[in-house]
Protein chains: 2
Amino acid sequence: MKENNKTQTFTKVECADRLSAVEDAIYVLGGKWKLRIIVALVSGYHRFNEIQRSVKGISPRVLSNELKILELNGLVKRTVDSESFPVLVEYIPTDYAETLKELVSMLGNWGVNHKKRISSEIDL
Amino acid sequence: MKENNKTQTFTKVECADRLSAVEDAIYVLGGKWKLRIIVALVSGYHRFNEIQRSVKGISPRVLSNELKILELNGLVKRTVDSESFPVLVEYIPTDYAETLKELVSMLGNWGVNHKKRISSEIDL
DNA sequence: CAGAATCCGTTAGGATACTG
DNA sequence: CAGTATCCTAACGGATTCTG
């Protein structure tokens with residue numbers, strides 16, 4: 001049976017599993033902020049206020065929440081250096097977060113394309 | 001300057017644009033139901049109640065809303081055959097919806113992997 | 001069958017002020 | 001600096017009933 005990425009076939013169970021996997025991914029990455037924060041993190045912003053400035057429009061409350069969730073999901077590591085003053089807290093993206101780069105890239109490509117489509121529709 | 005998919009570089013403006021593109025994509029595809037509905041559509045479910053049965057747990061109100069939004073975004077076409085009785089309404093995924101297959105596939109892969117990670121963490 | 005109408009609870013997230 | 005605490009609103013979405 002030939003199977004390239006254009007003609008993947010799945011049994012019903014496999015299909016259901018994959019669907020729930022898609023949902024899992026959306027659950028972890030969805031919402032207004034998570035991917036934006038991840039991008040900020042991998043772009044080199046590690047301090048709380050730094051991230052807040054980088055991710056425009058986010059409030060500290062929301063940022064704090066999202067960072068906790070991202071940490072729970074193993075995408076970022078919170079480190080505290082209590083020797084320094086003021087206490088230095090850093091949010092470091094894990095290697096695991098890197099695995100999202102390709103996905104983010106694809107989403108971006110699709111989004112760019114989609115914007116073109118939509119705006120050209122308006123012209124019709 | 002070498003540029004493979006591991007070392008893409010962007011100017012600040014390009015980066016901001018791409019980021020907003022990612023947001024656009026999430027906006028169009030995000031939420032609890034949209035990708036699930038798209039999967040149902042490309043899987044061959046075209047009638048309203050058919051789709052509702054396929055996408056487990058969705059209410060008619062929500063399904064109706066989502067379908068309208070998907071139509072606005074060009075991902076599905078609503079067709080009515082008023083000659084027939086009862087009136088036959090069908091929701092046909094556009095070719096454009098096919099462009100999501102790869103994305104959905106990647107999300108699925110990532111999700112599968114993520115579930116493994118998370119559940120193995122619990123064992124630690 | 002294909003939805004619309006209604007009602008209602010939950011939650012995401014915004015604004016702002018405050019604290020160690 | 002790195003958050004927490006409060007308050008508040010809008011949107012999401014569930015349940016149910018109704019209709020052409």
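By convention in this document, chain letters (A, B, ...) are assigned in the order of the sequence lines, proteins followed by strands, and residues within each chain are numbered from 1.
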| task | Have a look at A:Glu66 and say if it touches a base, only the backbone sugar-phosphate, or nothing, with a 4.0 Å heavy-atom cut-off. | result | sugar-phosphate
| request: Using atom NZ of A:Lys56 as one end and atom P of C:dA15 as the other, report the distance to the nearest whole Å. | output: 15 Å
| Does the pair B:Glu66/B:Lys34 count as a salt bridge with the N-to-O cut at 4.0 Å? | yes
| query | Which whole-number value in Å describes the distance from B:Leu63 CG to D:dT16 C1'? | reply | 16 Å
| field | A:Gln52 CD - D:dC1 P separation (whole Å) | value | 10 Å
| Phosphate contact (D:dG14 OP1 or OP2) by B:Lys32 side-chain N/O below 4.0 Å | yes
| message | Return whichever of B:Gly31 or A:Arg47 has its heavy-atom-nearest nucleotide of DNA chain D closer to the 5' end. | response | A:Arg47
| query | Pick from A:Leu29, A:Ile38, A:Asn65, A:Thr94: which one makes a side chain to side chain contact (heavy atoms under 4.5 Å, CB included) with A:Leu70? | reply | A:Ile38
| Reckon B:Ser64 has a side-chain N or O less than 4.0 Å from the OP1 or OP2 of C:dA4? | yes
| remark: Whichever of B:Arg61 and B:Phe48 has the more 5' nearest nucleotide on DNA chain C, that residue is B:Phe48
| request: Indicate whether OP1 or OP2 belonging to D:dA11 is found under 4.0 Å from a side-chain N or O atom of B:Tyr27. | output: no
| request: Whole angstrom is fine here: how far is it from CD1 in B:Ile92 over to P in C:dA2? | output: 12 Å
| query | When you look at B:Glu71 and B:Lys68, which way does the salt bridge (Lys or Arg N to Asp or Glu O under 4.0 Å) test go after all the steps? | reply | CA-CA 5 Å; B:Glu71 196 182 3; B:Lys68 280 174 190 162; over 6 Å; no
| field | Atom-to-atom span, CG of A:Asn49 to C1' of C:dT19 - whole angstrom | value | 14 Å
| request: Would you indicate which nucleotide in D:dT16, C:dT16, D:dG13 comes nearest to any side-chain atom of B:Trp33? | output: D:dG13
| message | Please pick, from D:dG13, D:dA2, D:dT4, the nucleotide with the shortest atom-to-atom distance to any side-chain atom of A:Lys68. | response | D:dT4
| task | Return the value, rounded to whole Å, for the distance between atom CG of B:Asn65 and atom P of D:dG13. | result | 9 Å
| Looking only at side-chain N and O atoms, does A:Arg78 come under 4.0 Å of OP1 or OP2 in D:dA2? | no
| request: Using a strict 4.0 Å threshold on nitrogen-to-oxygen distance, state whether A:Arg53 and A:Glu50 make a salt bridge. | output: no
| query | Are more than 12 heavy atoms from other residues, nucleotides or ligands located less than 6.0 Å from atom OH of A:Tyr96? | reply | yes
| message | Less than 4.0 angstrom between a side-chain N/O of A:Tyr91 and OP1 or OP2 of D:dC1, yes or no? | response | no
| request: Let me know the distance between CG of B:Leu67 and P of D:dG13, rounded to the nearest Å. | output: 13 Å
| Between P of C:dC1 and CD of B:Glu50, the distance in whole Å | 10 Å
